[in-house]
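In what follows, a single structure is set out as structure tokens and then discussed.
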Amino acid sequence: MAKIAMKFGGTSVADLDRIRNVAKLVKKEVDRGNQVAVVVSAMAGETNKLVKLINDLDPQYDPKEYDTVVASGEQVTCGLLAIALGALGVKARSFLGWQMPMKTSNMHASARIEGVPPENLNACLESGTVAVIAGFQGVAEGERISTLGRGGSDTSAVAVAAAIKADLCDIYTDVDGVYTTDPRITSKARRMEKIAFEEMLEMASLGAKVLQTRSVEIAMQHRVPVRVLSTFDPDAGGTLLCDEEDIVEKKPVTGIAYSRDEAKISLMKIPDRPGIAAAIFGPLADAGINVDMIVQNVSDDGKRTDLTFTCPRTELARALKALEEAAEAIGYREITSDANMAKISIIGIGMRAHPGVAQKMFKTLSEKGINISVISTSEIKVSVLIPEEYVELAVRALHSVYELDVA
């Protein structure tokens, strides 16, 4: 007997027929003698409908009440799946976030999981009952409903798997695994059988939509084996997230990620003195702005310099407002922004042992006439900021030059 965590996304539970299909997949695991915990998202499109209702009432909503509303989508789905399982003769009961309980921080609409006591779930599983869990939600201070941000059901699933010490966490979605890049951009993108936790973490944080970043962090921290599978073709093989040591061939570049949701902000002629970075990024942090790529120019005279950084396009207006309110403390002379930017990233654990990987990227983009605004690197990735109009050209060119087209 094994403990299995299964997660089904919005497209997998989009209507009653698909919920019945999910119930059949869960029943297969139960029939194998496994203890099963299932985490579900809201039905496809439901969260967007709920968010629209909120914004139509008041765009300056209370985040606590926002969470109360949007968490209801997952409540509906987990109840329906429990009913569908019952119709197949499988014992099941639903769990909302507060019933586990999944304890979270107080950052409503983007809360972080602080702990999942396993007692209630384990008692359910040991009684031979499937635990059907509403993903995306938890309980914050004051017994208030909290939500984990978009894609949060992935994080819920991996956190549940870690809490109950599951042997495997299967993430079912509408794709059959993790690809070398977006197949919608190039038909030569290939499904990977395995990908290291570190690589998947970079790909998720850099724009790949398969898994939420936090879910990969938890999987890596607790060494939870995670598979990405297709709900509609579960026998296709999928992709296994694993330790680097489990991957035999380490190519210089494993995959290419991109994000169109980028905005660039530049502060011109800021004082070149200790504490200036804190004066800039402190107000942004207080406003909940996620800052990514940061570049500061060398000061010519030791008095003033320029600083450029990126943030999500959706947060540009709030970022500019926060900086304008802190203008006196910062002392910049001019602020400029560009919302039409995109980030392209190459990722691979093999970069550690292969020199010249970044140079090949820069040369390839140059040959295509693509200008680079900002560069950011880590041990296993190189990211560049380019005009959004060149995203598809850049992805296809890089996918080819790093021979990701070839198995």
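In this text, all values refer to a predicted model and were calculated from it rather than measured experimentally.
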Taking the side chain as every heavy atom from C-beta outward, state whether E126 and Q35 have any atom pair closer than 4.5 Å. yes
Taking it one step at a time, do S153 and E74 satisfy side-chain contact (heavy atoms from CB on, under 4.5 Å)? CA-CA 9 Å; S153 293; E74 281 71 18; 4.3 Å; yes
Between K188 and H399, which heavy-atom pair has the shortest distance, and what is it? O-CE1, 3.4 Å
I'd like to know if the side chain of Q99 and the backbone of L96 have a donor-acceptor N/O pair within less than 3.5 Å. yes
Can a salt bridge be assigned to the pair E198 and R352 using a cut-off of 4.0 Å between side-chain N and carboxylate O? no
Salt bridge flag under 4.0 Å for residues D246 and K194: no
Could you give the distance from OG (S266) to CD1 (I335), rounded to the nearest 0.5 Å? 8.5 Å
Please indicate whether Y390 has more than 12 foreign heavy atoms, meaning atoms of other residues, nucleotides or ligands, lying under 6.0 Å from its OH. no
Trace of the side-chain hydrogen bond (donor to acceptor under 3.5 Å, both in side chains) decision for S378 with E202: CA-CA 10 Å; S378 76; E202 290 284 10; 3.2 Å; yes
Would you mind checking if E262 and R313 are paired as a salt bridge, meaning a charged N to carboxylate O distance below 4.0 Å? no
Closest heavy-atom pair and its distance - M43, T77: N-OG1, 3.4 Å
Roughly how far apart are R273 CZ and T305 OG1, rounded to 0.5 Å? 13.0 Å
Consider only side-chain N and O atoms of D182 and Y258, and report whether a donor and an acceptor are under 3.5 Å apart. yes
Chi angles and distances behind the side-chain hydrogen bond (donor to acceptor under 3.5 Å, both in side chains) call for K381, S376: CA-CA 8 Å; K381 66 96 176 173; S376 174; 3.2 Å; yes
side-chain contact (heavy atoms from CB on, under 4.5 Å), that's the test. Do V295 and L307 meet it? Break it down for me. CA-CA 6 Å; V295 174; L307 185 142; over 6 Å; no
If we ignore hydrogens and angles and just use 3.5 Å, is the side chain of T364 paired with the main-chain N or O of K360 as donor and acceptor? yes
Any luck finding a side-chain donor-acceptor pair between N122 and K3 under 3.5 Å? yes
Does some side-chain heavy atom of R191 sit less than 4.5 Å from a side-chain heavy atom of D176? yes
Could you give the distance from OG1 (T180) to NZ (K251), rounded to the nearest 0.5 Å? 8.5 Å
Least distance between heavy atoms, S373 atom then M341 atom: OG-CE, 3.5 Å
Is a side-chain N or O of D15 found less than 3.5 angstrom from the main chain of D17, in a donor-acceptor match? yes
Hey, does L148 have a side-chain heavy atom less than 4.5 Å from the side chain of S156? yes
Would you name the heavy atoms of G73 and L50 that are closest together and state the gap between them? N-CD1, 4.0 Å
State, yes or no, whether a side-chain contact exists between I280 and L267 at a heavy-atom distance under 4.5 Å. yes
Just grab all the ring pair (Phe, Tyr, Trp, His ring centres under 6.0 Å) pairs involving residues 116-162, residues at least two apart or on different chains. none
State whether a side-chain donor-acceptor pair under 3.5 Å links S215 with T155. no
Taking everything shown except R223 itself, do over 12 heavy atoms lie less than 6.0 Å from its CZ? yes
Nearest 0.5 angstrom please: I372 CD1 to S366 OG, how far? 8.0 Å
Look at the side chain of S72 and the backbone N and O of V69, then say whether any donor-acceptor pair between them is shorter than 3.5 Å. yes
Min side-chain heavy-atom separation L121-I133 under 4.5 Å: yes
If I take atom CD1 from residue I195 and atom CD1 from residue I247, how far apart are they, to the nearest 0.5 angstrom? 7.0 Å
Using a 4.5 Å cut-off on heavy atoms from C-beta on, say whether the side chain of K264 contacts that of S337. no
Walk me through it: do T254 and E199 pass the test side-chain hydrogen bond (donor to acceptor under 3.5 Å, both in side chains)? CA-CA 8 Å; T254 299; E199 291 174 321; 2.5 Å; yes
Go through it in stages, so that I can follow the logic: the residues are K91 and V130, the test is side-chain contact (heavy atoms from CB on, under 4.5 Å), and I'd like the CA-CA distance, side-chain angles, deciding distance and then a yes or no. CA-CA 6 Å; K91 289 175 61 180; V130 173; over 6 Å; no
Flag the pair S12 / D174 as yes when at least one side-chain heavy-atom distance between them is below 4.5 Å, and no otherwise. no
For the student: nearest non-hydrogen atoms of R150 and V51, plus distance: NH2-CG2, 3.8 Å
Working note: E388 + K343, criterion salt bridge (charged side-chain N to carboxylate O under 4.0 Å, His left out); need CA distance, chi angles, decisive distance, verdict. CA-CA 8 Å; E388 184 186 7; K343 179 170 60 180; over 6 Å; no
Could you give me the CA-CA distance, side-chain angles and deciding distance for V22 and Y172, then say whether side-chain contact (heavy atoms from CB on, under 4.5 Å) is met? CA-CA 9 Å; V22 166; Y172 287 85; over 6 Å; no
Is a side-chain donor or acceptor of D67 paired with a backbone partner of H108 at a separation under 3.5 angstrom? no
Look only at the side chain of T310 and the backbone of M293, and say whether a donor-acceptor pair between them is shorter than 3.5 Å. yes
Could you state the interatomic distance from CG (N340) to CD (E389), rounded to the nearest 0.5 Å? 8.5 Å
List the atom of I289, the atom of C311, and the distance in Å for their closest heavy-atom pair. CG2-CB, 4.0 Å
Looking only at the side chains, is there a donor atom on one of E114 and T104 sitting less than 3.5 Å from an acceptor on the other? no
Main chain of M100, side chain of N120: is a donor-acceptor contact present, judged purely on distance under 3.5 Å? yes
Run the salt-bridge test on D405 and R190 with the 4.0 Å N-O cut-off and return the result as yes or no. no
May I have all residue pairs that pass ring pair (Phe, Tyr, Trp, His ring centres under 6.0 Å) and include part of residues 198-249, sequence neighbours excluded? none
Mark yes or no for whether Y402, through its side chain, and M361, through its backbone, hold a donor-acceptor pair below 3.5 Å. yes
Exceeds 12 heavy-atom contacts within 6.0 angstrom, atom CD of E367: yes
Taking the side chain from T181 and the backbone from I256, do they hold a donor-acceptor pair closer than 3.5 Å? yes
So do M6 and I171 actually touch side chain to side chain, heavy atoms under 4.5 Å? no
Electrostatic pair D170-R227, nearest N-O below 4.0 angstrom: yes
If we ignore hydrogens and angles and just use 3.5 Å, is the side chain of D154 paired with the main-chain N or O of Q212 as donor and acceptor? yes
Any carboxylate oxygen within less than 4.0 angstrom of a Lys/Arg side-chain nitrogen, looking at E29 and R32? yes
